[in-house]
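To start, the structure itself, in structure tokens.
Since this is a predicted model, take the numbers as computed values, not measurements. Just so it is clear: chains get the letters A, B, ... in the order the sequence lines come, proteins before strands, and each one is counted from 1.
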Amino acid sequence: MAREKKRWGLTIVGTVVALVFLFPYLIMLVGAFKPRREILQVPPAYLPDNWEPGNFLTMWDTPETPLPFNLLSTVVISLGGTALALLAALPAAYYTARHRFRLRLPFLLLVLVTQMLQPTVLASGLFREFVELGINDTWLAMILVNAAFNLSFAVWIMHSFFASVPNEIEEAAWLDGCSKGQSLRRIMLPLVWPGIVTAVIFTFIACWNEFAASLILLPTDVNQPLTVALTRFIGQYESAWQYVFAVSIIGILPVVALFALIEKHLVSGLTAGGVK
Amino acid sequence: MATVTFDGASRYYAGNDKPAVDQLDLEVEDGEFLVLVGPSGCGKSTTLRMLAGLEGVDEGAIRIGEREVTNLPPKDRDIAMVFQNYALYPHMTVADNIGFHLKIKKMPKAERAERIQEAAKLLDLEPYLERKPAKLSGGQRQRVAMGRAIVRRPQVFCMDEPLSNLDAKLRVQTRTQIASLQRRLGVTTIYVTHDQVEAMTMGDRVAVLKDGVLQQCDTPIGLFGKPKNLFVAGFIGSPAMNLIPAKVNGEGALIGGQTIPLTPAQRSALTGTNVVVGVRPEGWTLKSDGEGIPAMVEVVEELGSDQFLYCSTSAELASVDTEPADEAEAPHTVTVRAPGMSAFQRGEKVALVPQPGAVHLFDAESGDRLPD
């Protein structure tokens with residue numbers, strides 16, 4: 001009886017907390033379906049009188065920003081940044097987890113330190129560097145920046161997953177006839193898969209959401225990602241809030257979907273049972 | 001099937017001047033079951049890992065048959081290993097674990113399934129073939145690890161304390177199973193353990209290591225009957241051999257009023273005037289008439305079949321003031337084996353006489369056995 005009561009109490013508290021957090025998203029969702037004048041009407045209405053799904057069509061062709069290019073830009077930069085980060089982090093994580101070498105800990109700490117610096121702090125320096133390299137205002141520049149800034153998280157999370165696989169399992173694979181590459185592919189990767197998925201998803205989300213560095217390093221509107229493009233709808237004299245909301249929805253969809261995926265993949269204890 | 005030869009093989013660990021394995025010379029016969037035994041840190045696991053290719057060889061060579069494998073990667077050595085923690089592949093079923101090597105070697109599926117079935121049958125694993133290791137008991141996992149080794153029909157089995165994670169009863173059962181399986185398959189086997197009972201019961205020959213140095217390699221009977229030095233004498237046998245320091249005079253070695261005569265050969269081999277007299281617990285005769293080394297029973301351990309008496313010896317014996325050589329402990333207590341259900345009581349006074357032929361003599365300086 002008491003337990004029943006407690007469960008009800010928890011459900012109610014949980015619902016209230018969830019609503020508080022979800023409310024801005026609800027405003028965004030509803031706002032995306034409002035015609036422009038209804039957004040600005042006083043007093044504001046929660047639900048639109050006239051639903052306007054057309055916002056999601058007209059937003060692609062506006063004077064403020066070339067949205068199709070912005071979406072493409074976000075996708076390319078995020079995929080490129082994630083791939084590059086993974087490509088560099090995976091061997092680093094494996095090596096630091098499996099080999100003891102001089103300066104191993106300093107190396108790992110240095111990697112960690114890079115996580116502490118905001119891209120904003122380094123933006124002006126990066127700007128000059130990219131000008132020198134001749135890749136200023138390109139996707140490549142932002143791919144490099146995103147990969148670099150997410151490297152440390154990816155290295156650390158995969159490092160801990162690699163380290164949790166007992167050495168003997170890999171040695172058993174070598175004795176079973178695997179080359180180092182084969183044991184990595186057939187034994188290690190399946191075992192650290194949850195770590196890789198976590199690293200990939202977090203890196204991808206961070207790249208997708210990156211704003212400050214893109215704002216500075218990508219002056220041309222067709223190169224800008226969604227995060228920067230979004231600000232174009234807010235002008236000095238008038239703001240297209242309906243597009244801000246609609247674009248935001250497009251912008252958060254992949255992130256929401258990926259977070260939902262993480263939950264499924266973050267199953268710990270996959271290595272249970274391999275060793276006593 | 002093949003012989004295994006260690007030819008002056010040494011292994012140094014970084015930052016350590018003393019080698020973990022020092023100039024090991026060892027020849028393992030084709031089909032032989034050789035046990036490497038010794039206290040922890042003696043280099044037995046390192047030796048095994050050198051053979052498997054998991055540890056480098058800094059000096060010397062290792063050969064399997066006529067083939068030199070010193071610098072070959074593990075995958076090319078045709079060795080199967082059973083690890084202490086089994087090291088099963090957690091993401092694969094039992095069948096896939098057992099068949100992994102065959103799959104890597106691209107054996108056709110039908111033949112592979114047949115081999116897996118055969119191994120599973122041998123090890124009573126048939127009902128579990130589709131399970132993942134996490135759903136198995138400790139004993140079953142151990143058998144899967146064995147299965148993964150035998151399915152390969154390798155030239156050499158390496159086993160690194162494969163039983164130490166099992167409970168006592170299962171360990172004794174599995175001990176016999178592994179030994180009989182090895183004899184049936186006839187595969188040359190190197191087996192590492194710190195448990196001297198395992199070593200004595202399983203091995204055709206047993207190699208005793210200490211501090212990376214091979215002390216003695218012999219049959220269990222040979223090790224037990226003629227330990228080459230004090231370390232082997234103290235290590236092999238349970239309870240351990242009583243090692244009593246003694247001074248040598250014109251008549252022989254004196255322990256507690258008893259004189260152990262020395263042969264001329266023993267006298268000439270002696271470097272100083274001190275010896276260590278070794279008598280196993282079963283090498284004593286208990287007398288009640290006062291003839292012998294006076295002692296008092298301190299603890300009685302009744303095992304049913306046997307009885308172990310831990311006796312404190314008189315001041316006279318303890319006063320034989322020799323620095324205990326090497327591992328031998330000062331003789332505060334002497335362990336004596338008596339028939340089970342004997343009527344000895346705590347505090348009872350007894351007299352101990354070493355049986356003729358049960359006495360081992362060692363040089364106190366070098367720790368080496370004196371010639372018989």
Side-chain angles (χ1 to χ4, degrees), chain A residues 90 93-107 158 160-199 264-276, chain B residues 13-15 49 51-55 73-92 94 96-107 131-142 144-145 148-149 151-152 154 156-158 160-162 164-166:
Chain A
L90 198 63
Y94 175 74
Y95 196 84
T96 51
R98 273 291 178 262
H99 298 270
R100 305 268 163 252
F101 52 93
R102 272 161 59 91
L103 303 180
R104 174 174 165 273
L105 199 64
F107 170 77
M158 290 193 288
S160 61
F161 272 84
F162 275 118
S164 71
V165 178
N167 280 332
E168 286 87 348
I169 289 190
E170 212 179 355
E171 290 172 351
W174 296 338
L175 283 163
D176 263 346
C178 286
S179 64
K180 293 216 168 181
Q182 279 176 315
S183 76
L184 197 63
R185 207 176 68 242
R186 287 174 169 262
I187 304 296
M188 290 304 275
L189 285 190
L191 293 181
V192 299
W193 191 242
I196 295 176
V197 170
T198 310
K264 239 180 168 179
H265 270 101
L266 279 185
V267 196
S268 61
L270 194 76
T271 56
V275 297
K276 165 85 185 185
Chain B
Y13 282 122
R49 292 171 57 84
L51 172 60
L54 300 173
E55 204 76 65
K75 71 183 176 75
D76 298 329
R77 295 194 181 199
D78 200 10
I79 285 176
M81 185 151 169
V82 180
F83 290 85
Q84 181 172 6
N85 62 13
Y86 315 142
L88 304 179
Y89 311 125
H91 57 301
M92 296 185 190
V94 168
D96 289 342
N97 260 284
I98 294 178
F100 186 63
H101 168 80
L102 307 178
K103 195 170 182 180
I104 292 287
K105 291 284 169 224
K106 302 201 165 61
M107 178 182 279
R131 285 201 203 172
K132 295 262 177 83
K135 297 260 185 278
L136 299 177
S137 71
Q140 289 161 350
R141 285 180 203 175
Q142 204 280 333
V144 176
R148 200 166 60 177
V151 79
R152 295 179 44 178
V156 182
F157 285 144
C158 287
D160 191 358
E161 311 212 13
S164 57
N165 280 333
L166 300 179

Fill in: Residue S183(A) versus chain B: region with a heavy atom under 4.5 Å
neither
Worksheet entry | Heavy-atom contact with chain B under 4.5 Å, split by part of Q182(A) | side chain
Discussion item. At a 4.5 Å cut-off on heavy atoms, which part of A52(B) comes close to chain A: side chain, backbone, both, or neither?
Written reply: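 Looking at A52(B), backbone and side chain both touch chain A.
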Worksheet item: For K103(B), is it the side chain, the backbone, both, or neither that has a heavy atom closer than 4.5 Å to a heavy atom of chain A?
Response: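 Side chain of K103(B) only, per the 4.5 Å heavy-atom cut-off to chain A.
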Worksheet item: Of all heavy-atom pairs between H91(B) and R186(A), which one has the smallest distance, and what is that distance?
Response: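 Smallest heavy-atom distance, with atoms named: NE2-O, 3.1 Å.
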Worksheet item: So, does H101(B) use its side chain to make a donor-acceptor pair with the main chain of L175(A) at under 3.5 Å?
Response: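 Looks like no, no N/O pair under 3.5 Å.
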Fill in: Donor-acceptor contact below 3.5 Å, side chain Y89(B) vs main chain A172(A)
yes
Worksheet item: Would you call D176(A) and R152(B) a salt bridge, taking side-chain N to carboxylate O under 4.0 Å as the test?
Response: yes
Discussion item. As a quick check of understanding, evaluate side chain to side chain contact (heavy atoms under 4.5 Å, CB included) for E171(A) and M81(B), giving each step before the final call.
Written reply: CA-CA 9 Å; E171(A) 290 172 351; M81(B) 185 151 169; 5.9 Å; no
Worksheet item: Does the side chain of V165(A) come within less than 4.5 Å of P90(B)'s, by heavy atoms?
Response: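 No, every pair of side-chain atoms sits at 4.5 Å or beyond.
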Worksheet item: Heavy atoms, side chains only, cut-off 4.5 Å: are M92(B) and I187(A) in contact?
Response: yes
